There are 2 protein chains.
Amino acid sequence: MTTATKKTERSQSSATIYDVARVAGVSAMTVSRVMNGNAHVSDITRGKVMAAIESLNYQVNTAARAARVGTLGIGLLYSNPSSAYLNTFLVGAMDRCSQTGGQLILERCDDLRSQRAAIAKLIANGADGILVPPPLCDSKSALKQLDQIGIPSVAIATGRPVPTMSAVRIDDYAGARDMMRYLISLGHKDIAFIQGDPKHTPAQIRYKAYMDAMEEAGLPVKPERVAPGLFTYRSGLDAARQLLAKKSKPTAIFAANDDMAAGAVAVAHGLHLDVPKDITICGFDDTPVATTVWPELTTIHQPIEDMARAAVDLIVELIRNRRTGEVGGVQHKLLPYTLVTRESSGAIAS
Amino acid sequence: MTTATKKTERSQSSATIYDVARVAGVSAMTVSRVMNGNAHVSDITRGKVMAAIESLNYQVNTAARAARVGTLGIGLLYSNPSSAYLNTFLVGAMDRCSQTGGQLILERCDDLRSQRAAIAKLIANGADGILVPPPLCDSKSALKQLDQIGIPSVAIATGRPVPTMSAVRIDDYAGARDMMRYLISLGHKDIAFIQGDPKHTPAQIRYKAYMDAMEEAGLPVKPERVAPGLFTYRSGLDAARQLLAKKSKPTAIFAANDDMAAGAVAVAHGLHLDVPKDITICGFDDTPVATTVWPELTTIHQPIEDMARAAVDLIVELIRNRRTGEVGGVQHKLLPYTLVTRESSGAIAS
DNA sequence: CTGAAAGCGCTTACAG
DNA sequence: CTGAAAGCGCTTACAG
C-alpha cells in the first residue's frame, strides 16, 4: 500500500512540462510561454501545445514554479467582519489558492491606527498583493496607503469602487431595489428600513435604493420608518424595538443585512407578532444566520465564495503582470446576486 | 520603488542553505540534515549549524523544498461546524501552514454517505494528511476509513481520543467541572443543564461533569432540570423554554455550548427575567457569540486557534515521518482552557 | 558522521 | 516567433 498510494497522491496528472513539449513537438520553453499567456507564440504553435496539455491533463506544478519565481503571497487584511463572512470568503479563496499556488497570509487589523502596521507586516511576511474585504475596502486611508506602497490590491464588496483599485462586488443598488420591488409586489406599502453602518458604502447604497424604490412606487417614507443600525445583531434588536414601539406599525421591515433582520425577528417574536403573518422581515447577504433563525429569512444572496475566487484570480493576475513588467490594468468585476425568497416574507393581509 | 520593494518582499531572511553551510563550515547537506532533525549529525556539528542558522536568521525556503519533495498537502475535512468555529480554526491553521509550507485543502462532507467520497477527493487533490475537526472526529466510520487508508490524520477537539489516532483537544471534563464549581461557589444550588448533541463526545463528557459536580457538592439533580439540545441556537431556545416554563425555576443554567446559552438568554429576556440578576446563564467554548449577545457570556474558553496550530504541526510531523519511513507515533496533545467570567453570571440573591 | 553530485519542474536571460 | 542552457534552493541516493 505504501508505494501504491504514492502514485495516486499527486492528483491524476503527473505529466511534466517536458511531456507536454514532447507531445506537442516543441520545447519546454514554448509550453511555459503558453501556460503563462505570453503573447509571442504563433497561433498554430499555441494550438498544438493546448491540445497536448489537454490530452495529458497537464497542470503546472505550482511548487516548482514557486521555487523559481518565488511564492505567490496573497495577503488578506481583514478587520472584524462577521465570522460567517470571513469564513465563506476563506473557503472560496483557499480553493483558488490551492490551484494557482497562492499562499494566503492573514492579518487582522481592527482600528485605523494599526492599519499601516498591518499592511507592513503583511508585506514583510511575503505578501505580493493584498485582498481587502469589507469594511476595510471602504477605508480611504487604507486605500491611500496601499496606493502609495504601490502593491497590487483588490477591494471586495465595496459599494463604491474607486477607479485606481481593482474590485470584485455585486450591484448593491440593484439588489436592494429588487428586494423593495418584491415587497411592494406583495402589497406592502408601509415598509420600514434598518440602515447598515453608515461608514460602509454598501449600507449607503442599499439605503438609497430603499428610498428610491419607495419614491418610484409613489409611497411616502415617514422618518420614523427608518432606523439606524450598525450591521450587528444587537443594533438590529435596538432598531426593531424602535420601529415596532408605537401602535402604528409597518407591515414589512427591510434590514440592510441578515444579522439585523435576525434581531428584528427576535423583537417581533417578543411582541408576539407572527412572522410573516403579522409582519414581513427581510435581510440582505444570505449569510448562514439567514437560515439559522426561524422563520428563515428572505434575503439577497451575495455570492461571497465566488467573489473570493474572483478576487484571488484577479490579484494573481495583477501580481504576475507586475513581475513581468506588463501594465496590469485595474479591473472591476460585478458578480450576480439572487433574490432568495424564504418564509419570513408574505403577502400583506388584505 | 519597484526594485527597492523587491528586496524586502521575501521577508528579512534571504539567506540560503549555502550561506548557512559556509558560516558553519560544513556542507549544505549537513545543514539540511539539521533542519530536518536527522539523527546522524554529531552534537558539535549540530551546534555550529544551529548557531549559523540563528546568526543569519535563516528560514528554509518552503517553495524550494516543496519542489523537491512535493507539496505538503493538508486536508481539512469539515462538516458544517458553526462558522465561527471553522473560521477561528482556519486562521490558526493557515498561520502555521504559511510557515511550514503546508497547503490547506478544504473539503466539506455533510452526511455519512459522502464521507468516503470526500476523503477520496481530498487525497486525489493532493492531501498527504487529514485534519478532522468536530463533529467528524467523533464519527467511528470516518476514523475507520482513515485508518484503513493509512493516511496520517489528527482529530481535533474530540472528547474521547482513540489510541490509534493523534488528537489535539482540551480537557472537557475538567472545564465543565470548573464551571460547575464556579457556579456553586456563587451560591447556586438549583442549576439546570442544557445538553449538547449526544453524538458529540464533548457533549457527553460535559454532561457527565455536570452530574458529577452536582453530586460532589451534595446537590440533587431533578430530571426536569436537564434539557436535551443539539449545540444549535435553536435547540437552546427550545431547551430554555422547557426549563423556564414552570413556576419553579432554576437559579442558573449551564449550557453545553455558547450558541445554546445565547438562546437561553433570549428566552430569559422574553420572560422578562434579568440576566444575571434573576438567572445566571453560562456557556462553553467562548466562540464569538459569547461576546455578541448581551449580557456577554461567562464561559470556558477553548483555544481553537492554538489547537489548529498544534494540529498542523502534528500532521506535518506525521507526514514527514511517514515519508522518511520513521515510525511516527500517535500523539495526544492537551491544551489549556480558561474559565472566563463575564456579565451573564452572578452570585445568587440571598 | 559527513559531503559531492545530480535532479525536482519550472522559468529567466540569452541567442537566433 | 522559438529554443538550448543555466539556475531557483533544496533534498535524495550514493559514497566514503
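Within every chain, numbering begins at 1; the chains are lettered A, B, ... in the order of the sequence lines, protein sequences first and strands thereafter. Please read these numbers as outputs of a predicted model, since none were measured by experiment.
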In dot-bracket, 5' to 3', how would DNA chain C read with Watson-Crick or G-U wobble pairs under 3.5 Å, [ ] for crossing ones and | for pairs to another strand? |||.||||||||.|||
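Evaluation of the side chain to side chain contact (heavy atoms under 4.5 Å, CB included) rule for Ala63(B) yields Ala66(A), Thr71(A), Asn61(B) as partners, not counting sequence neighbours. Remark: Leu143(A) pairs with Val162(A), Met165(A) by the side chain to side chain contact (heavy atoms under 4.5 Å, CB included) rule, at least two apart or across chains. Listed by chain and residue number, Ala15(B), Thr16(B), Arg22(B), Leu56(B) satisfy the side chain to side chain contact (heavy atoms under 4.5 Å, CB included) test with Asp19(B) (two or more places apart in sequence, or in another chain).
Remark: side-chain polar atoms of Gln103(A) are not paired, donor with acceptor, to backbone N or O of Gly73(A) under 3.5 angstrom. Using a distance-only test at 3.5 Å, with no hydrogens or angles considered, no donor-acceptor pair links the side chain of Thr100(B) to the main chain of Ser98(B). Of the possible donor and acceptor atoms, one in the side chain of Ser42(B) sits under 3.5 Å from a partner among the backbone N and O of Thr45(B). Checked by atom type and distance alone, the side chain of Ser139(A) pairs as donor or acceptor with a backbone atom of Ala142(A) at under 3.5 Å.
Between Ala67(B) and Ile44(B), the residue anchored closer to the 5' end of DNA chain C is Ile44(B), taking for each the nucleotide with the nearest heavy atom. Each of Arg68(B) and Ala28(B) lies near DNA chain C, and the nucleotide nearest Ala28(B) is the one positioned closer to the 5' end. The residue among Met29(B) and Ala64(B) whose nearest nucleotide of DNA chain D lies closer to the 5′ end is Ala64(B).
Interface residues of residues 45-54 of chain B facing DNA chain D, ordered by number: none; criterion, heavy-atom separation under 4.0 Å.
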So Glu317(A) and Gln331(A), side-chain hydrogen bond (donor to acceptor under 3.5 Å, both in side chains) or not? Walk me through it. CA-CA 10 Å; Glu317(A) 192 184 332; Gln331(A) 280 186 51; 3.2 Å; yes
Run the side-chain hydrogen bond (donor to acceptor under 3.5 Å, both in side chains) test on Ser79(B) and Asp110(B) for me, step by step, so that the C-alpha distance in whole Å, both residues' side-chain angles and the decisive distance to 0.1 Å come before the verdict. CA-CA 5 Å; Ser79(B) 138; Asp110(B) 284 318; 4.7 Å; no
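Salt bridge status for Arg309(A) with Asp306(A): present, with a side-chain N to carboxylate O gap under 4.0 Å.
A nucleotide of DNA chain D counts as in contact with chain B when one of its atoms lies under 4.0 Å from a heavy atom; the first and last such, 5' to 3', are dG9(D) to dA13(D).
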